[in-house]
> 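Take a look at this one; I'll ask things after.
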Amino acid sequence: MAQTLPMTMTAMQLDAPGHRLRRVERPVPRPADTELLVRVAACGVCRTDLHVADGEVEAHYPIVPGHEIVGHVLAIGAGVTGFSIGERVGIPWLGYTCGACPYCRSHRENLCDHPQFTGATRDGGYATHVVADARYCFTIPDRFGDVEAAPLLCAGLIGWRALRLAGDARRIGLYGFGAAAHILAQIAVWQGREVYAFTREGDVEAQHFARTLGCCWAGASSETPPTALDAALIFAPVGALVPAALKCVDKGGRVVCAGIHMNDIPGFPYADLWQERHILSVANLTREDGTSFFAIAERAGIKTVTHAFPLEEANAALAQLRAGALVGAAVLVPPA
């Protein structure tokens with residue numbers, strides 16, 4: 001017997017940059033040939049959502065934000081294989097790539113010339129239902145509950161890609177100790193690296209939190225760690241942290257900018273870059289990042305720290321994220 005699908009859904013919609021999200025009722029979309037219809041169980045609140053709300057990254061308005069989505073499959077497009085009704089899936093930022101451009105053909109789909117991004121150029125998970133291209137959905141290990149799994153879909157994935165760009169660096173600094181850093185710190189410690197946490201000035205709570213996760217040092221971003229770093233990963237969207245981090249990395253060290261948006265980087269002396277120091281950026285993710293990350297996250301026993309908000313309190317969750325008032329990650333939970 002064919003399953004009866006709901007007719008309407010609730011979503012928190014952003015009409016234009018600078019606007020508050022508003023609750024709307026919409027028809028439930030039907031999945032196209034390569035898509036899944038998913039009933040959202042949880043959706044993480046990411047700093048990128050703030051950049052979408054502020055018009056700092058490309059987006060199509062009106063838009064339903066949210067790209068750290070955990071949910072269950074309600075309907076399957078005719079061309080989809082490998083998924084079943086009721087199966088739990090994760091939906092990330094990368095929602096589609098063309099497969100034909102030079103970047104896709106060279107296994108760099110994160111740089112695709114014609115991509116789509118969940119919660120920016122296609123509707124995301126601040127809603128009770130969402131459609132997603134099945135080719136870009138992940139299976140989530142059973143050990144993670146819905147709410148605790150949600151931040152893994154971006155904070156975890158982007159952190160993992162940033163860590164991979166750091167290579168085999170043994171001493172790693174994490175600038176901006178929020179959703180991504182608190183996940184990544186656990187992986188890096190599990191791998192046997194030394195982790196140094198940099199927070200906002202005076203954020204004693206975040207510094208204590210970092211130490212409980214195994215960081216060997218925690219202090220303000222203006223401070224100098226007790227030893228030179230092999231790599232620094234910057235998650236805060238603050239351009240001034242780039243020259244600050246350069247001063248803290250050793251010869252041959254790397255500074256990895258892991259955010260999708262950052263304000264301007266101020267000038268700095270060439271001497272701070274000399275001796276083969278590197279500055280790199282992280283752009284999006286690949287599907288291979290997802291499969292390798294979830295395998296590591298399960299083995300490393302990652303535990304996410306989350307704060308659940310009802311879906312209709314999305315504006316409050318974004319405001320707390322903007323103010324730096326969260327330790328860990330905010331997650332929206334739609335009504336059952």
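Since we're looking at a predicted model, the values are computed, not measured.
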> Quick one, Trp160 with Ser292, criterion side chain to side chain contact (heavy atoms under 4.5 Å, CB included). Give me CA distance, side-chain angles, the key distance, then yes/no.
CA-CA 9 Å; Trp160 175 239; Ser292 61; 3.0 Å; yes

> Can you list every pair that meets salt bridge (Lys or Arg N to Asp or Glu O under 4.0 Å) and has a residue in residues 292-307, with sequence neighbours left out?
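Counting only pairs at least two positions apart or across chains, no salt bridge (Lys or Arg N to Asp or Glu O under 4.0 Å) contact touches residues 292-307.
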
> For Tyr136 and Thr97, indicate whether the former's side chain and the latter's backbone hold a donor-acceptor pair under 3.5 Å.
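Side chain of Tyr136 to backbone of Thr97, a donor-acceptor pair under 3.5 Å: yes, one is there.
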
> For the CZ atom on Arg20, are there more than 12 heavy atoms of other groups (residues, nucleotides or ligands in this structure) within a distance under 6.0 Å?
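Open: at most 12 neighbouring heavy atoms sit under 6.0 Å from CZ of Arg20.
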
> CG of Leu153 to CZ of Phe293: how many Å apart, nearest 0.5 Å?
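Output value for this atom pair is 9.0 Å.
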
> Mind checking what makes salt bridge (charged side-chain N to carboxylate O under 4.0 Å, His left out) contact with Glu205, not counting sequence neighbours?
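None.
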
> Does the side chain of Pro237 reach to within under 4.5 Å of the side chain of Arg47, using non-hydrogen atoms?
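Yes; the side chains approach each other to less than 4.5 Å.
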
> Heavy-atom count around Asp142 CG within 6.0 Å, excluding the residue itself: above 12?
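Open: at most 12 neighbouring heavy atoms sit under 6.0 Å from CG of Asp142.
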
> Report the distance from atom CG of Asp203 to atom CZ of Phe198, rounding to the nearest 0.5 Å.
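Separation between the atoms: 14.5 Å.
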
> Provide the full list of salt bridge (Lys or Arg N to Asp or Glu O under 4.0 Å) pairs with a residue in residues 120-132, sequence neighbours left out, each pair given once.
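Those involving residues 120-132 are Arg26-Asp123, Glu35-Arg122.
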
> Hey, mind stepping through Tyr61 and Val52 against side chain to side chain contact (heavy atoms under 4.5 Å, CB included) and telling me if it holds?
CA-CA 10 Å; Tyr61 305 96; Val52 170; 4.3 Å; yes

> Quick one: does Asp230's side chain have a donor or acceptor within less than 3.5 Å of a partner on Arg170's backbone?
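Yes, the answer is positive, given that a donor and an acceptor are paired below the 3.5 Å cut-off.
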
> I need the minimum non-hydrogen distance between Leu36 and Cys137, along with the two atoms involved.
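Looks like CD1-SG, 4.1 Å.
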
> Test your reading of the model: is there a side-chain donor-acceptor pair from Thr304 to the backbone of Glu148, 3.5 Å cut-off?
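Yes, Thr304 side chain to Glu148 backbone: donor-acceptor pair under 3.5 Å.
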
> Starting at CG of Leu152, measure out to CD1 of Ile302 and round the result to the nearest 0.5 Å.
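Here the interatomic distance stands at 8.0 Å.
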
> Going by heavy atoms in the side chains, are Gln191 and Leu163 under 4.5 Å from each other?
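A side-chain contact under 4.5 Å exists here.
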
> Residues two or more places apart in sequence or in another chain: which of them pass side chain to side chain donor-acceptor pair (under 3.5 Å) with Arg105?
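Here no residue qualifies.
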
> Hey, can you pull the donor-acceptor pairs under 3.5 Å for the side chains in residues 239-263, sequence neighbours left out?
unit_1, atom_1, unit_2, atom_2, d
Lys247, NZ, Asp272, OD2, 3.2
Arg254, NH1, Leu165, O, 2.5
Asn263, OD1, Gly239, N, 2.5

> Tell me whether Asp133 contacts the main-chain N or O of Gly95 through its side chain, where contact means a donor paired with an acceptor under 3.5 Å.
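A pair under 3.5 Å: no.
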
> Return all side-chain donor-acceptor pairs below 3.5 angstrom for residues 306-313, not counting sequence neighbours, or 'none' if the list is empty.
unit_1, atom_1, unit_2, atom_2, d
His307, NE2, Val327, O, 2.6
Glu312, OE2, Arg23, NE, 2.5

> Please round to the nearest 0.5 Å and tell me the distance separating atom NE2 of His60 and atom CD of Glu58.
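Here the rounded value is 5.0 Å.
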
> Rounded to the nearest 0.5 Å, what's the gap from SG on Cys46 to CG on Leu321? Could you check?
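One gets 8.0 Å once the value is rounded to the nearest 0.5 Å.
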
> Got a sec, which pairs hit salt bridge (Lys or Arg N to Asp or Glu O under 4.0 Å) with one end in residues 83-95, sequence neighbours left out?
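Applying salt bridge (Lys or Arg N to Asp or Glu O under 4.0 Å) to every pair that reaches into residues 83-95, excluding sequence neighbours, yields Arg88-Asp146.
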
> For Phe117 and Trp93, take the angle between the two ring planes, folded into 0 to 90°, and tell me which bin it lands in: parallel under 30, tilted 30 to 60, perpendicular over 60.
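Parallel, since the angle between the ring planes stays under 30°.
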
> Would you say Glu276 has more than 12 foreign heavy atoms packed within less than 6.0 Å of its CD?
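Check fails, neighbour count at 12 or below.
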
> Side chains of Val28 and Met7, heavy atoms from C-beta outward: is any pair under 4.5 Å?
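A side-chain contact under 4.5 Å is absent here.
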
> Only counting residues at least two apart or in another chain, list the ones meeting salt bridge (charged side-chain N to carboxylate O under 4.0 Å, His left out) with Asp113.
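Once residues adjacent in sequence are excluded, Asp113 has no partner under the salt bridge (charged side-chain N to carboxylate O under 4.0 Å, His left out) criterion.
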
> If you take all heavy atoms of Tyr175 and Ala232, which pair is closest and at what distance?
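In this case the closest contact between Tyr175 and Ala232 is CE1-CB, 3.8 Å.
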
> Shortest non-hydrogen contact from Ala132 to Ile91?
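Closest approach of Ala132 to Ile91: CB-CD1, 3.6 Å.
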
> Treating Thr121 as the side-chain partner and Gln116 as the backbone partner, does any N or O pair qualify as donor plus acceptor under 3.5 Å?
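Checked: no pair found.
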
> Test side chain to side chain contact (heavy atoms under 4.5 Å, CB included) on Glu201 and Ser222; report intermediate values, then the result.
CA-CA 7 Å; Glu201 199 77 35; Ser222 59; 2.8 Å; yes

> Among residues two or more places apart or on two chains, list those pairs meeting salt bridge (Lys or Arg N to Asp or Glu O under 4.0 Å) that have a residue in residues 284-294.
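Non-adjacent pairs meeting salt bridge (Lys or Arg N to Asp or Glu O under 4.0 Å): Glu109-Arg287, Arg161-Asp289, Arg164-Glu288, Arg164-Asp289.
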
> Does Arg211 use its side chain to pair, donor to acceptor, with the backbone of Trp217 at less than 3.5 Å?
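Here the side-chain-to-backbone pair does not exist.
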
> Can you list, pair by pair, the side-chain donor-acceptor contacts under 3.5 Å of residues 328-336, counting residues two or more places apart and other chains?
none

> Looking at His182, is its backbone amide N or carbonyl O close enough to the side chain of Gln186 to form a donor-acceptor pair, meaning the two atoms are under 3.5 Å apart?
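The answer is yes, because a donor-acceptor pair under 3.5 Å joins these two groups.
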
> Rounded to the nearest 0.5 Å, what separation is found between the CG atom of Leu184 and the CZ atom of Phe235?
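The CZ atom of Phe235 is 5.0 Å from CG of Leu184, to the nearest 0.5 Å.
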
> Using a 3.5 Å cut-off and no angle test, enumerate the donor-acceptor pairs between side-chain atoms of residues 62-81 and protein atoms at least two apart in sequence or in another chain.
unit_1, atom_1, unit_2, atom_2, d
His67, ND1, Asp49, OD1, 3.3
Glu68, OE2, Ala155, N, 3.0

> Just by modelled atom types, is the Asn110 backbone N or O under 3.5 Å from a matching donor or acceptor in the Asn284 side chain?
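Here the side-chain-to-backbone pair exists.
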
> Looking at every non-hydrogen atom in both residues, tell me the closest pair between Leu37 and Pro29 and how far apart they are.
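Closest heavy-atom pair between Leu37 and Pro29: CD1-O, 3.5 Å.
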
> Would you please name every residue forming a side chain to side chain donor-acceptor pair (under 3.5 Å) with Glu223, sequence neighbours left out?
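Not a single residue meets the side chain to side chain donor-acceptor pair (under 3.5 Å) criterion with Glu223.
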
> Run the side chain to side chain contact (heavy atoms under 4.5 Å, CB included) test on Tyr103 and Cys112 for me, step by step, so that the C-alpha distance in whole Å, both residues' side-chain angles and the decisive distance to 0.1 Å come before the verdict.
CA-CA 6 Å; Tyr103 299 103; Cys112 174; 5.5 Å; no

